[in-house]
Amino acid sequence: MVMPDPVRVVLADDDVLLREGLASLLDRSGYLVVGQAGTATELLEHVERHEPELAIIDIRMPPTQSTEGLDAARSIRGDHPQVAILVLSAHVEVEHAMDLLASGERSGYLLKSRVTDIDQFLEALDRIVRGGSVVDPAVVLELVAARRVHDPLEELSPREREVLSLMAEGRSNTGIASALWVAEGTVEKHVRSILAKLRLPEAETDHRRVLAVLTYLDAR
């Protein structure tokens, strides 16, 4: 039996201890770390040289510690759309999360504190590499607490909001059903109702789910 090649990863973070810790975790978990970078420039060079399947990027990097990592992620998404991107942040930065996730696939935004839950972190990486998207629950909670006056979620029932919140965490219908202790068919009905009430344009189902999550995040 031919074993699949390990997922090739580039890491970018100017915190050497965190970067080395992530590299060690990924190596133990079957990933292949092909490059580590402390600056956005080094990150882009590694992506060009090694053509990874996944880039894990800190939003704030030298020299200004502002949005160098996010800017590099945009460049990678434009020049290497096949590369899945996970952005890590020390704090909830809603606009940055929305900006990255607007592409709708192979992207994620997590707080660095989330890395301490190894199983969830590795599950998020797998989901992103497979074409999904991941949103940190803390981002969801912050936006729910500050919804706009004209709330696009106003028509949703409490249960539908609950389902959409779990969708925003990146859960599948099966995962949502397990969390809510309901049948998967019930979740599917809720998802169809949510997509209809949010008046999302007809498109491939998975992409409509992402649009629903973005609508949820933007409702502030």
Side-chain angles (χ1 to χ4, degrees), residues 4-13 22-23 25-26 29-37 40 43-59 61 67-89 93-112 114-115 119-137 139-140 164 166-176 191 195 200-201 203-218:
D5 293 333
V7 173
R8 296 158 59 83
V9 185
V10 166
L11 298 175
D13 197 308
L22 279 174
L25 169 62
L26 293 173
S29 303
Y31 290 83
L32 178 61
V33 178
V34 295
Q36 296 187 43
L43 165 62
L44 295 176
E45 290 173 352
H46 280 305
V47 170
E48 289 288 344
R49 183 181 307 123
H50 300 295
E51 299 182 351
E53 284 87 33
L54 172 65
I56 301 176
I57 307 168
D58 183 15
I59 280 185
M61 300 181 70
T67 61
E68 285 86 352
L70 185 66
D71 294 339
R74 291 193 192 101
S75 296
I76 294 169
R77 180 46 46 87
D79 297 337
H80 304 275
Q82 77 281 4
V83 178
I85 296 173
L86 173 63
V87 165
L88 297 178
S89 177
E93 301 180 76
V94 172
E95 291 184 6
H96 295 163
M98 296 285 293
D99 181 271
L100 176 70
L101 295 168
S103 61
E105 59 182 9
R106 300 176 68 79
S107 57
Y109 179 101
L110 289 178
L111 294 182
K112 289 184 176 181
R114 203 68 58 184
V115 179
D119 290 339
Q120 282 193 7
F121 180 67
L122 293 175
E123 180 185 352
L125 293 185
D126 181 67
R127 190 180 305 136
I128 293 168
V129 169
R130 291 177 180 273
S133 61
V134 174
V135 183
D136 197 288
V139 177
V140 177
L164 185 51
L166 293 170
M167 287 169 60
E169 294 180 15
R171 302 201 190 198
S172 65
N173 285 358
T174 301
I176 295 171
V191 171
L195 298 178
L200 295 173
E204 190 267 328
T205 301
D206 287 343
H207 187 58
R208 292 183 80 202
R209 287 176 73 97
V210 173
L211 290 177
V213 168
L214 290 174
T215 300
Y216 183 62
L217 295 177
D218 196 38

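Keep in mind that what you see is a predicted model, and the values were worked out from it rather than measured. Numbers here simply count residues along the sequence, with the first being 1.
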Report task. Taking all non-hydrogen atoms of both residues into account, name the closest pair between Ile57 and Gly69 and its distance. Result -> CG2-O, 3.5 Å

Query - Step-by-step side chain to side chain contact (heavy atoms under 4.5 Å, CB included) determination, His46 to Val34 - result: CA-CA 8 Å; His46 280 305; Val34 295; over 6 Å; no

Query raised in the report: With side chains defined as the heavy atoms from C-beta onward, is the minimum distance between Leu43 and Ile76 less than 4.5 Å?
Result: yes

Report task. For residues Leu26 and Leu11, determine if any side-chain heavy atom of one lies less than 4.5 Å from a side-chain heavy atom of the other. Result -> yes

**Report entry** Minimum heavy-atom distance between Val129 and Ala84, given as atom pair plus value
**Finding:** CA-CB, 4.2 Å

Report task. Mind checking the NE2-CD spacing from His50 to Glu45? Nearest 0.5 Å is all I need. Result -> 10.0 Å

Query raised in the report: Sub-3.5 Å donor-acceptor pair from the side chain of Arg114 to the main-chain atoms of Asp136, do we have one?
Result: no

Requested in this report: For the residue pair Leu86 and Val134, establish whether any side-chain heavy-atom pair is separated by less than 4.5 Å.
Outcome: no

**Report entry** For Gln36 against Ala23, the heavy-atom pair lying closest together
**Finding:** NE2-CB, 3.6 Å

Query raised in the report: Of all heavy-atom pairs between Ala73 and Val87, which one has the smallest distance, and what is that distance?
Result: CB-CG2, 4.3 Å

Query - Donor-acceptor side-chain pairing of Asp71 and Thr67 below 3.5 angstrom - result: yes

Report task. Could you please spell out the steps behind the side chain to side chain contact (heavy atoms under 4.5 Å, CB included) verdict for Val7 and Asp126? Result -> CA-CA 10 Å; Val7 173; Asp126 181 67; over 6 Å; no

Query - Arg106 vs Arg77 side-chain heavy atoms within contact, under 4.5 Å - result: yes

Requested in this report: Please tell me if the side chains of Val135 and Tyr109 come closer than 4.5 Å, counting only heavy atoms from C-beta onward.
Outcome: no

Query raised in the report: Does some side-chain heavy atom of Asp5 sit less than 4.5 Å from a side-chain heavy atom of Leu32?
Result: no

Query - Smallest separation among heavy atoms of Pro52 and Val83, with atom names - result: O-CG2, 3.4 Å

Query raised in the report: Does a side-chain heavy-atom distance below 4.5 Å link Leu22 with Tyr31?
Result: no

Report summary line: Residues Leu110 and Ala124: closest non-hydrogen pair is CD1-CB, 4.0 Å

